[in-house]
Amino acid sequence: MTKEKIADALEEIATLLELKDENPFKIRAYQNAARSIEAFGASFSDLQNQETLEKIPGVGKAIAAKISELATTGGLKFLDELRAEFPSAILELFSIPGLGAKKIKALYEQLKISSIADLQTACESGQVAKLPGFGETTQTKICNAIANRTKHVGSFQFGEIAAEAEHLRSDLAAHPDASQVSVAGSFRRRKEIVRDLDFIVASKSPEAITEFFCAHPLVESLIARGPTKTSVRLKSGIQCDLRVISNVEYPFALNYFTGSKEHNIVMRNRALHRGWTLNEYRLGPAPTLEKADSPESPAKRRGKTNVEGASVPGRAKILAINDETELYRALGLDFIPPELRENCGEFEAAENGKLPRLIELENLRGTFHCHTTASDGHNSLEEMVAAAQELGLEYIGIADHSRSSVQAHGLDAARLNVQRAQIRKLQSTLSDIHVFSGIECDVLRDGSLDFDDEILAQLDFVVASVHSTFNLSEVDMTKRVIRAISNPFVTMLAHPTGRLLLKREGYAIDIPAVIEAAAETSTWIELNAAPKRLDLDWRWWPLAKSKGVRCVINPDAHRVSRLQDLWFGIGAARKGWLTKEDVTNCLPLVKIQSALKAKRVGHSKR
DNA sequence: GCCGTTTTCGGCCCGACTGTTTTCAGTCG
């Protein structure tokens, strides 16, 4: 039972409670708890321990007991009883945009609709349009949504949509009526999975910006269009929202729509404690007294100015805010980089001047774990090295697959020898880049390595990877990996969970135990920069860092263009609070050469 | 169901847009 499965169960409870028309705040409590659990760096035993669980924000006695029951027994009586009240396929109706609990409940109670197939039939016969609260337009929208649903699944790897987002951003930025443009949301926070794109544009001509946006060649269809907010579907299938606001509102909108939601809640509370209210438009006076007498329309509230609050006695004066830095300063905080805005300790750090200076792409001096045509790469050794030179790297480590990875044309000892000779020969022609000779060595089922120590000893570095037998128990997989990294010739552990985002779950493994072992053996842990992996996940890096484990950011590049994936790795490293001091391939060549020897030397001293 | 600088009760974010209404409920973020 993983924390993801537990979060899914809590979400399902929330959905079923919605269908039952339960107290909306109880529903939100389950949703909050689900998000909290996902963000929580938990080991399996933590999930069984009620006391540990109750310390997680949003998890109280009742939900802790349910999580504990799930983690211990694999099931949950409360959820089973809820499920029994509705047909099981009814949950799939929530995947249709425009359908929420109220409408689904009406469809179920009045037309006995309990699956997408039922819904399609009812739409085609025109029954849906006749229901109160529905109509022809709604019915047509549902029909279209059903037709498109396989295409618009709604989740994307960051790397899948990064180019599209940048394309649209730069086109908007070039528009003469746009004075400030940013992509906000989870994209700006560099989340590994993105569900939509949020564009914030400051402009005096919202109509012109909106028109330009809707007519953009990347736009496939229009979802909604209003004077300040517009939603479209891009050709890749991702939903994309545009907010057009004024220059004065820009920092507030940018901050608000960057999130995360949890981060925003803390920001708003900090404003409230100062007698202010923070929303996507401004920092204004908190409407404490006004609220009691006469509720104001949103439009009227929008019209309020900062100056008004400044004159109220006992309330801190509201300063002029021109950018996000000033907004954070007004709330007594250092500027919090977007990647850290997950309410995972950034406020405490920002309050005390303890935010780390996060790593930047320019800090990387070299990289390891690159493939060539010798195994399953698409470019030759020479091409890969030339590409690294073009990126300005001081060194590159070549690590092709080892012999057990038959499907990837893994190298045996003889071919490895040939490659080492090729690298020596190439190196003799190069002065501005150093090429390290290594191997991505398979970790076999029992934790032994694919090559003997004598062969490994001849290489500059060794990457240990699990590529087979993913179905071991957590205990066995953890033992297997720890045995592998205990070998003094293993420099680093690659993609430690083996996950493929949105495609394959990582294998069961006790990451805290692996981190502990990496610390003891001075093994580096890879942050695999390929956008489909981003493994080890950013959520674990604060723990690894606290144990003194070194991170190495590798592209796992199988072609020259994928060396650029390093940029995605930097985003994930920043989310993991890493600085250039924590990432070993920020070391210049001379220092990385001695760092590569350190583990072997350390071992021989023991 | 959770939470506490209105702390064991009474709040819990709220604004934008759509579609079906005739002043608003539902959905979404």
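Throughout, protein chains are lettered first and strands after them, A, B, ... in sequence-line order, and every chain is numbered starting at 1. Values reported hereafter were calculated over all heavy atoms of this structure, with side chains retained and with hydrogens, waters and symmetry mates removed.
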Could you check whether the rings of A:Tyr328 and A:Phe335 sit parallel, tilted or perpendicular, using 30° and 60° as the cut-offs?
->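 Rings of A:Tyr328 and A:Phe335: perpendicular, over 60°.
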[X] has an atom [atom1]; how far is it from atom [atom2] of [N], in whole Å?
X	N	atom1	atom2	answer
A:Ile265	B:dC3	CD1	C1'	12 Å
A:Tyr30	B:dC3	OH	P	13 Å
A:Tyr256	B:dC28	OH	C1'	11 Å
A:Gln239	B:dT18	CD	C1'	13 Å
A:Leu99	B:dT20	CG	C1'	15 Å
A:Lys102	B:dG26	NZ	P	5 Å
A:Asp21	B:dT27	CG	P	11 Å
A:Leu17	B:dC12	CG	P	21 Å

A:Glu51 atom CD: more than 12 heavy-atom contacts under 6.0 Å =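 Count not over threshold, so no.
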Indicate whether OP1 or OP2 belonging to [N] is found under 4.0 Å from a side-chain N or O atom of [X].
X	N	result
A:Ser231	B:dA16	no
A:Thr138	B:dT18	no
A:Tyr281	B:dC14	no

[N] to [M] separation - [atom1] atoms, rounded to the nearest Å:
N	M	atom1	result
B:dT6	B:dG11	C1'	10 Å
B:dG1	B:dT5	C1'	23 Å
B:dC9	B:dC14	P	25 Å
B:dC3	B:dT8	C1'	10 Å
B:dC17	B:dC12	P	24 Å
B:dT20	B:dT27	P	13 Å

Of the candidate nucleotides [options], which contains the atom at the shortest distance from the side chain of [X]?
X	options	result
A:Lys26	B:dC17, B:dG1, B:dG15	B:dG1
A:Glu280	B:dT20, B:dG15, B:dC17	B:dG15
A:Arg225	B:dC2, B:dT18, B:dT27	B:dT18
A:Ala224	B:dG15, B:dG29, B:dC17	B:dC17
A:Lys141	B:dT20, B:dT18, B:dA16	B:dT18
A:Ala29	B:dT5, B:dG29, B:dG1	B:dG1
A:Thr137	B:dG29, B:dC2, B:dT20	B:dT20

Should A:Glu326 and A:Arg329 count as an ion pair when the cut-off is N to O under 4.0 Å?
->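 No, A:Glu326 and A:Arg329 are not salt-bridged.
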Taking the side chain as every heavy atom from C-beta outward, state whether A:Ile113 and A:Tyr108 have any atom pair closer than 4.5 Å.
->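 No - every pair of side-chain heavy atoms lies 4.5 Å or more apart.
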So, A:Ser95 versus A:Glu92: side-chain donor-acceptor pair below 3.5 Å or not?
->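 Checked: A:Ser95/A:Glu92 side chains show no N/O donor-acceptor pair below 3.5 Å.
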Please evaluate the base of B:dG1 for a donor-acceptor partner in the side chain of A:Asn23 within a cut-off of under 3.5 Å?
->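 Indeed there is one.
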Could you tell me which nucleotide pairs with B:dT8 by Watson-Crick or G-U wobble geometry, both distances under 3.5 Å, or answer none if nothing does?
->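 The answer is none; no pair meets the criterion.
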Is A:Phe134 touching bases, backbone alone, or none of the nucleic acid, heavy atoms closer than 4.0 Å?
->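 It contacts sugar-phosphate atoms only.
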Using the side chain to side chain contact (heavy atoms under 4.5 Å, CB included) rule, pick out the option among A:Thr230, A:Leu168, A:Leu234 that qualifies with A:Val219.
->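 Exactly one option meets the side chain to side chain contact (heavy atoms under 4.5 Å, CB included) with A:Val219, and it is A:Leu234.
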